[in-house]
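A short write-up of the structure that comes next.
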Amino acid sequence: MSFHRSQYLKQTDLFLVRVWAQVDSGEDGHGKRNGTAEWHGKVQRVKDGEVHQFDSLQDLTNVLLEMLSGPIETL
């Protein structure tokens, strides 16, 4: 069975991802600094400017899956 290149649709997307940590520099109940970091970020699709914020790696994964689940555009 042979396939022609035109039988496949190719779609690419470009995203800007900004990630930062908010560090809790407070002390635990024993006088030690806990240094717990919470990761946050923003992802923006370059093509149309669509922006979403996220508060964990799982949120980022969910946002990207949602952004990529739309219809495939043909050229």
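From a predicted model like this one, the values you see are computed outputs, not experimental measurements.
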Only one of Val63, Leu64, Asp59 passes side chain to side chain contact (heavy atoms under 4.5 Å, CB included) with His52; say which it is.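 With His52 as partner, Val63, Leu64, Asp59 yield a single side chain to side chain contact (heavy atoms under 4.5 Å, CB included), made by Val63.
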Test applied, side chain to side chain contact (heavy atoms under 4.5 Å, CB included); reference residue, Val43; option that passes from Val19, Val17, Val51: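 Among Val19, Val17, Val51, the one meeting side chain to side chain contact (heavy atoms under 4.5 Å, CB included) with Val43 is Val17.
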Can you tell me how far the CG atom of Asp55 sits from the CD atom of Gln22, to the nearest 0.5 Å?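 Separation between the atoms: 8.5 Å.
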Measure the spacing between CD of Gln53 and CZ of Arg18 and express it to the nearest 0.5 Å.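 Going from the CD atom of Gln53 to the CZ atom of Arg18 covers 10.0 Å.
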Which residues share a side-chain contact (heavy atoms from CB on, under 4.5 Å) with Leu14, sequence neighbours left out: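 Partners of Leu14 by the side-chain contact (heavy atoms from CB on, under 4.5 Å) criterion, ordered by chain and then number, come out as Val46.
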Residues that Asp13 engages under side-chain contact (heavy atoms from CB on, under 4.5 Å), provided they are two or more places apart: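 Listed in chain order: Gln11, Phe15, Arg45, Lys47, Leu68.
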Walk me through whether Asn62 and Glu66 qualify under side-chain hydrogen bond (donor to acceptor under 3.5 Å, both in side chains). CA-CA 6 Å; Asn62 292 341; Glu66 180 181 325; over 6 Å; no
Give a yes or no on this: more than 12 heavy atoms of other residues, nucleotides or ligands lie within 6.0 Å of atom CH2 of Trp39.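 12 or below, so no.
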